[in-house]
There are 2 protein chains.
Amino acid sequence: MSVTLKDVAARAGVSVTTASRALAGYADVSAETRQRVAAAATEMGYRPNVTAQRLQKQRTDTLGFIMPTFGPRFSDPFFSEFIAGIGNEAAAHNYDLLVSAHAPDSEGERQAYERAARGGWVDGLIVVRTRVNDPRIQLLCRQGCPFVAFGRSVGELDYPYVDEDSLTGVGLLVQHFIDLGHRRIAFISPPTTLMFGQHRLQGYRQTMAANGLPIQPDWIVEGDLTQRGGAEKAEQLLRLDPPPTAMIVGNDLMAIGAMRSIQQHGLQIGKDIAIGGFDDIPLSAYTNPPLTTVHQPIYDIGRQVCAMLVNIINRRPLPTAHVLLTPTLIVRESSGGPVSALNEL
Amino acid sequence: MSVTLKDVAARAGVSVTTASRALAGYADVSAETRQRVAAAATEMGYRPNVTAQRLQKQRTDTLGFIMPTFGPRFSDPFFSEFIAGIGNEAAAHNYDLLVSAHAPDSEGERQAYERAARGGWVDGLIVVRTRVNDPRIQLLCRQGCPFVAFGRSVGELDYPYVDEDSLTGVGLLVQHFIDLGHRRIAFISPPTTLMFGQHRLQGYRQTMAANGLPIQPDWIVEGDLTQRGGAEKAEQLLRLDPPPTAMIVGNDLMAIGAMRSIQQHGLQIGKDIAIGGFDDIPLSAYTNPPLTTVHQPIYDIGRQVCAMLVNIINRRPLPTAHVLLTPTLIVRESSGGPVSALNEL
DNA sequence: GAAGCAATCCGAAACGTTTTGGATGTCTTC
DNA sequence: GAAGACATCCAAAACGTTTCGGATTGCTTC
């Protein structure tokens, strides 16, 4: 069906070996033969069979990325941007990117990682949204499968990662609201099974404490990272008596949902209540009002994670195995202005 | 390094052939041997080498998806949902999904398709956002490479696709606004190099015409599908004198950007001006006010496209090679109420 | 007791590459 | 004119799997 190296060799009147070496640019083939082979190859439209090359080279030149997806209607701009990042960087290094989707901690996910770690399915993996006691990381470490994670983990396992210091990030947000005079600040946390959930929650707790502000237990609720989840949890917070004067939401998507709930309560964001998100997805600049948030360079993180993985696979020394990015606060109108702190508590 | 079939065979005391057949469940191996082989395999942690299997079977069991991405900060929720759809469906059929990203009509894109079409890189491709005179489709048809597209095309080429009838979809929107009494209805079009840009623009034109409403040339502007683009184009429309009383925007992302511009002009959406989008991304239910739009089941379309492709690859008869989905209008608050038609023109 | 048959196993080829380890011939060099 | 150096080529093995076409054994059957 397809034209193979043997065909090209026959056409050029040389052996398969010579044809191979001619195309690969080895020195032990004369300029004239090289040319003849090249001509034959282009004439016949020869494309090397990647599978055969991979079998021979004992490497797949492929990276794996297993998206942790929750349910069907899965529409998170994070993943589009992240995949674009790793995809472009992978292409720059002549790697392919294999993507699949599995629910976190599902049996299917376990099997997918199992399969990836052995059997030469891919040369390395990219892991995102690391979890507390992450079984994926444990498995990959145990099997010695190359990988780089976007996100730290707890425990003694040492592995390469890129992460944003979201503890500090949320701290910036909290301090920002405190400086504006807010005292009753609530927090819609990402799932605390996720490492960044832990970090962001801690950032909230620590900064409140550092300012000597007490936290009511019901100021902390946990959402599922979707708009719907954010809306529901915000609804819950708004029913408190007295309600919080500011909300910090664990990611922008939930924050957008929360804004909706606030507005449905007839409250004006930036005046009656302040709100801040996390991620700085492009949309957050276009909400009404625009959302105060913490920037996270998803595309660049994707590229960096991928570049690190390629280095590991090729056993090149890694400049740094642990990258922690400093977050920057993006203040927009959803912060509102200063409020009088006196009648706050 | 990895444990191969030869190792398993040796351990079980049989030939490679028998080991292979035992694991594959052939009938010509005794129950006892089969068991011994299976035991050896699990004990040694054997995973078949996919590359070798692929070379032998002369198929990759892999599907390809080349994302058309514009620029770096690329964050379109469409893609995460679509990839989740094809990814899950592919997994259900034991196919892998290879993803890469290239700018539309770039040299890199051309090469990627070229490579895919020959050389057994993947067994088939999924094409989205079909373009007028789409070079990708022409190439794939010419090479006889299996593919299914999300989106129709023009020309005599016949190929399998799934598409939403967005001409009708935009028609629903236009009629909806006309029924509310609007007469000066503007349209922010998707790029008309894209087929769905053409369809949506036509839907606007036809329905306006069908209602005997003239279209001012400057009511039609073309945006780039991003929020930013939508905001810019809306800005342009709002500067018209008189400005439109309703805007139909070619996709939700741009609509969200447009809403921002409208609000910055101090206008109230649903009262001073109506706006409608297209796609019904989850976010559109959470904007302020919620956005009237046309639903498009991206996840399901992804699944369906993928299922069709798998059928084609395995030469199974396709129930229907051309699927055209009927759109449904989702009316939300951004539509506003009836306006008096008299003082409109 | 030879022929036929089923059950069970295996050697070897094949998939399309790359690479190892020569083989062959030509040209210098003394 | 023999010995080494060099340029150019190639046969065969290897990568790990599947499968084709037997081979072997033991059991029926007449």
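A note on names: the letters A, B, ... follow the listed sequences, proteins ahead of strands, and every chain is numbered from 1.
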Original post:
Looking at residues 53-61 of chain A, who's got a heavy atom less than 4.0 Å off DNA chain C?
Top reply: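 Output list: A/Q53, A/Q56.
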Original post:
Counting only non-hydrogen atoms, which of residues 23-46 of chain A are less than 4.0 Å from DNA chain C?
Top reply: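 Within residues 23-46 of chain A, the residues near DNA chain C are A/Y26, A/Y46.
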Original post:
Are B/F82 and B/F65 close enough that their ring centres sit under 6.0 Å apart?
Top reply: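 Yes, the ring of B/F82 comes within the 6.0 Å limit of the ring of B/F65, centre to centre.
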Original post:
Any chance the rings of A/F147 and A/Y159 have centres within less than 6.0 Å?
Top reply: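 Here the rings of A/Y159 and A/F147 have centres that are less than 6.0 Å from each other.
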[X] with [Y]: basic N within carboxylate O range, under 4.0 Å:
| X | Y | answer |
| --- | --- | --- |
| A/D123 | A/K57 | no |
| B/R54 | B/D61 | no |
| B/D105 | B/R131 | yes |

**OP:** State, yes or no, whether a side-chain contact exists between B/V323 and B/Q304 at a heavy-atom distance under 4.5 Å.
**Re:**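 Side-chain contact under 4.5 Å: yes.
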**OP:** Determine whether B/S106 and B/Q111 make a side-chain contact, defined as any pair of heavy atoms from C-beta on separated by less than 4.5 Å.
**Re:**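 They are not in side-chain contact.
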**OP:** Please test A/I137 against A/T130 for side-chain contact (heavy atoms from CB on, under 4.5 Å), starting from the C-alpha separation and ending with a verdict.
**Re:** CA-CA 8 Å; A/I137 291 177; A/T130 51; 3.8 Å; yes
Original post:
Please walk me through it: do A/T62 and A/L97 pass side-chain contact (heavy atoms from CB on, under 4.5 Å)?
Top reply: CA-CA 6 Å; A/T62 301; A/L97 180 64; over 6 Å; no
**OP:** Please list, chain by chain and in numerical order, all residues satisfying side-chain contact (heavy atoms from CB on, under 4.5 Å) with B/N314, sequence neighbours excluded.
**Re:**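 Scan of B/N314 (side-chain contact (heavy atoms from CB on, under 4.5 Å), adjacent residues dropped) gives B/R59, B/Y95, B/V310, B/R316.
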**OP:** Using a cut-off of strictly less than 4.0 Å between a heavy atom of the residue and any atom of DNA chain D, enumerate the qualifying residues of residues 12-19 of chain B by number.
**Re:**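 Residues of residues 12-19 of chain B under 4.0 Å from DNA chain D: B/V16, B/T17.
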**OP:** Determine, stepwise, if the pair B/I301 / B/V305 fulfils side-chain contact (heavy atoms from CB on, under 4.5 Å).
**Re:** CA-CA 6 Å; B/I301 292 175; B/V305 164; 4.1 Å; yes
**OP:** Check the pair A/T18 / A/S15 against side chain to side chain donor-acceptor pair (under 3.5 Å), numbers first and verdict last.
**Re:** CA-CA 5 Å; A/T18 308; A/S15 74; 3.1 Å; yes
Subject >> Flag for A/D134-A/S153: side-chain donor and acceptor within less than 3.5 Å >> reply: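 Looking only at side-chain atoms, A/D134 and A/S153 do not form any donor-acceptor pair under 3.5 Å.
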**OP:** Show your reasoning for whether side-chain contact (heavy atoms from CB on, under 4.5 Å) applies to A/R110 and A/R136.
**Re:** CA-CA 7 Å; A/R110 208 192 52 71; A/R136 304 172 294 172; over 6 Å; no
Subject >> Five-pair end axes of the helix from C/dG1-D/dC30 to C/dC30-D/dG1, angle between them (10°) >> reply: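 Its terminal axes enclose an angle near 60°.
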**OP:** Examine B/R129 relative to B/F78 and say whether NZ or CZ is less than 6.0 Å from the centre of the six-membered ring and inside a 45° cone about the ring axis.
**Re:**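 Ring-cation test returns yes.
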Original post:
Which whole-number value in Å describes the distance from B/R47 CZ to D/dT17 C1'?
Top reply: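 So the CZ-C1' distance, B/R47 to D/dT17, works out to 16 Å.
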Subject >> Outermost nucleotides of DNA chain C that come under 4.0 Å of a non-hydrogen atom of chain A >> reply: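 First-to-last contact on DNA chain C, by the 4.0 Å heavy-atom rule, is C/dG16 to C/dT20.
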